[in-house]
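First up is the structure itself, then whatever we jot down about it.
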There are 2 protein chains.
Amino acid sequence: MLVTKETLTRRERLRAELITEIKRAARRRLTESGAGELSLRGIARDVGMSPASIYTYFKGLDEVVTGLIVDSFEAQASAIRSASAGQGSIKERLKRATWAYRVWAHDSPQEFRLLYESPIAGYRAPEGGPTVDAAIAVMSPFMELLREASATGQIPPPPPGPPIDTGATAPRLDGGIDSDWLRLGIEIWSQFHGFVSLELNGHIPPGSALDDVYDHLIDNIVSRLGFTD
Amino acid sequence: MLVTKETLTRRERLRAELITEIKRAARRRLTESGAGELSLRGIARDVGMSPASIYTYFKGLDEVVTGLIVDSFEAQASAIRSASAGQGSIKERLKRATWAYRVWAHDSPQEFRLLYESPIAGYRAPEGGPTVDAAIAVMSPFMELLREASATGQIPPPPPGPPIDTGATAPRLDGGIDSDWLRLGIEIWSQFHGFVSLELNGHIPPGSALDDVYDHLIDNIVSRLGFTD
DNA sequence: ACAATATCCAAACGGTGTTCGCATAGCAAC
DNA sequence: GTTGCTATGCGAACACCGTTTGGATATTGT
């Protein structure tokens, strides 16, 4: 027991393991059965403990949900970063990033709902805004590509328009961000997010080749940026 | 009682009144307290009857929710139709219609969520697709304006692209619809719906003049249509 | 007046999140 | 090694939820 001071004690280790197991059970319920089955008592059954014992590790169901949200944001951000980071021109990397956004939504529809809609009845996000940080991580790769394209002179700066408050996001993006660029990013984001959102909720005629339609949409968006190619 | 064959009988009148009162109480709960407070027992308390009696008028909570959805779709469609119908050029009417979409969402955020997200846990839309008809009523004014602008030669036809299955919506739009025009409409819809959706869920930096940003977005969309003005 | 139907409700069943009190196990200091 | 402190676990309870059942009551058509 000489190492107990440096490493985790036995109880702390068990505690960490149980926390991840609870979150894993919660995520399994969300993905396999939807937000309606994401219940604290159900999670307790899955991990084989009493409902009351969950409160030893989480303040309540809301805190479990917050953990799921943060992890999901990071998962989508990671997928987008991977798609954005590979070889190819910035235009190609940008297209891949927008595709990663949609592919992740299709692979994880329940998580996508959790991030961008409000499928859990009484849930309130916590004060500190840990979910905000995680959400910005999704947006970042797109802003980085725009910045890189701008810095290398591949696309012209956007025409000036109404200002966006960069105060909330700028400190969390490397090197800050210009208002016009941020607004351009939001406009682009609006477009492909809107398509994915409508699609996911069944508002776009099914049976169509929606992959091709999305590709067409992305082509339009990217070509409007005015790449010098 | 000679008129009973033509008019409604006393019971039928009371029944109709009670149905609207139940729906009104449900809508009040939704708008004032959110989807989480939209409970059958709560509605029963509000209208002063037992929970079991609600089942005399609705098959269950889902049927009440379906009624709310249909009415809400019609409310938004009505707002958009009004905005679209007034004086001015087609370009101006189109801008007003997109603004009506957003204004309605801001005035009725809970209803907007009900229509375009899935805030109620186990809800399943009914078979016959009455909600689909109502949803198309929202899309129709936009498609009508595009058709009118096209027929009068004010905007060029969209370049051909991947086909959209018009089978589901064409029979419900007067005179059918061309695949390329429908796809254009969906692309436009995606853009302003995406903005409203992100905005409503707190994903766009607050404190900004989002009205101006939306106006800028709409200007971009409309100018891209190539109005001859 | 009578039979059929519609309405209403109390009670119950199984589900939910959360709180409380108490028992037990792990651990740190003496 | 024993003693105290703290963390963990759980059963029971409370107040909700949607839904079903059975029986009582009121309205209707004949």
Side-chain angles (χ1 to χ4, degrees), chain A residues 1-23 25-26 29-30 33-68 119-124 126, chain B residues 1-23 25-26 29-30 33-68 119-124 126:
Chain A
M1 293 286 186
L2 290 170
V3 280
T4 42
K5 270 186 183 166
E6 286 298 324
T7 185
L8 283 69
T9 173
R10 198 171 96 89
R11 261 218 299 240
E12 286 172 336
R13 202 169 2 100
L14 290 177
R15 182 180 180 87
E17 280 175 15
L18 244 178
I19 285 180
T20 66
E21 189 174 346
I22 290 171
K23 289 211 286 185
R29 285 199 152 246
L30 174 67
S33 308
E37 296 298 319
L38 186 51
S39 71
L40 195 144
R41 294 182 104 104
I43 295 169
R45 279 194 300 271
D46 292 349
V47 303
M49 65 197 310
S50 83
S53 297
I54 304 281
Y55 287 79
T56 307
Y57 304 94
F58 295 90
K59 279 206 280 277
L61 181 60
D62 272 24
E63 199 169 279
V64 181
V65 172
T66 297
L68 255 57
I120 285 154
Y123 175 75
R124 288 284 141 214
Chain B
M1 293 287 185
L2 290 171
V3 282
T4 44
K5 271 185 184 168
E6 286 298 324
T7 185
L8 282 71
T9 173
R10 198 172 98 89
R11 257 216 304 241
E12 287 172 335
R13 201 166 6 97
L14 290 177
R15 183 181 179 86
E17 280 175 17
L18 207 37
I19 285 180
T20 66
E21 189 174 346
I22 290 171
K23 289 212 283 187
R29 285 199 152 247
L30 174 68
S33 308
E37 296 299 317
L38 186 50
S39 72
L40 195 142
R41 294 182 106 104
I43 295 168
R45 278 194 302 272
D46 292 350
V47 301
M49 66 197 310
S50 83
S53 296
I54 304 280
Y55 287 80
T56 307
Y57 304 95
F58 295 90
K59 279 207 280 277
L61 180 61
D62 272 23
E63 200 168 277
V64 181
V65 173
T66 298
L68 255 56
I120 285 156
Y123 176 75
R124 287 286 141 213

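Proteins come first, then strands; the chains are lettered A, B, ... in the order of their sequence lines, and each starts at number 1.
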B:E17 has an atom CD; how far is it from atom P of C:dT7, in whole Å?
13 Å
Shortest non-hydrogen pair, B:A26 vs B:L68, comes out as CB-CD1, 3.9 Å
OP1 or OP2 of C:dC9 under 4.0 Å from side-chain N/O of B:S53
yes
Sequence neighbours excluded, the answer for side chain to side chain contact (heavy atoms under 4.5 Å, CB included) partners of B:Y55 is B:L40
Which part of the nucleic acid does A:F58 contact within heavy-atom distance under 4.0 Å: base, sugar-phosphate only, or nothing?
nothing
Measure from CZ on A:R15 to P on D:dT6 and round the result to the nearest Å.
15 Å
Counting distance only, does the side-chain N/O of A:R15 pair as donor-acceptor with the main-chain N or O of A:T56 below 3.5 Å?
yes
For the helix from C:dA1-D:dT30 to C:dA25-D:dT6, what angle separates the axis at the start from the axis at the finish, each from five pairs, in steps of 10°?
10°
In the structure I gave you, are the side-chain heavy atoms of B:V64 and B:Y57 within less than 4.5 Å of one another anywhere?
no
For B:G122 and B:D62, work out which heavy atoms get closest and say how close.
O-OD2, 4.2 Å
To the nearest Å, give me how far apart CD1 (A:I54) and C1' (D:dG11) are.
15 Å
Phosphate-side-chain proximity, A:T56 and D:dT8, N/O vs OP1/OP2 below 4.0 Å:
no
Starting from C1' on C:dC8, measure out to CG on B:L14 and report it in whole angstrom.
13 Å
Inter-residue atom distance A:L18.CG - A:M49.CE, 0.5 Å rounding
5.0 Å
Considering only nitrogen or oxygen atoms on both sides, find all protein atoms under 3.5 Å from nucleotides 13-20 of chain D and state each distance.
residue, atom, partner, partner atom, Å
D:dC17, OP1, B:S39, OG, 3.0
D:dC17, OP1, B:R45, NH2, 3.2
D:dC17, OP2, B:R45, NH1, 3.1
D:dG18, OP1, B:L40, N, 2.5
D:dG18, OP2, B:L40, N, 3.0
D:dG18, OP2, B:R41, N, 2.8
D:dG18, N7, B:R41, NH1, 2.4
D:dG18, O6, B:R41, NH1, 2.7
D:dT19, OP2, B:Y55, OH, 2.8
D:dT19, OP2, B:L61, N, 2.9
D:dT19, O5', B:Y55, OH, 2.8
D:dT19, O4, B:R41, NH1, 3.4

With sequence neighbours excluded, residues passing salt bridge (Lys or Arg N to Asp or Glu O under 4.0 Å) with A:E21
none
Could you name each residue pair satisfying side-chain hydrogen bond (donor to acceptor under 3.5 Å, both in side chains) that touches residues 38-50 of chain B, not counting sequence neighbours?
B:R29-B:D46, B:S50-B:S53
Does any part of the side chain of A:F58, heavy atoms only, come nearer than 4.5 Å to the side chain of A:I19, both counted from C-beta?
yes
Just the table, please: protein N/O against nucleotides 23-26 of chain C N/O, every pair under 3.5 Å.
residue, atom, partner, partner atom, Å
C:dG26, OP1, A:R10, NH2, 3.1

Could you tell me which non-hydrogen atom of A:I22 sits nearest to which non-hydrogen atom of A:V47, and how far apart they are?
CA-CG1, 4.2 Å
Closest heavy-atom contact between B:A25 and B:I43?
CB-CG2, 4.2 Å
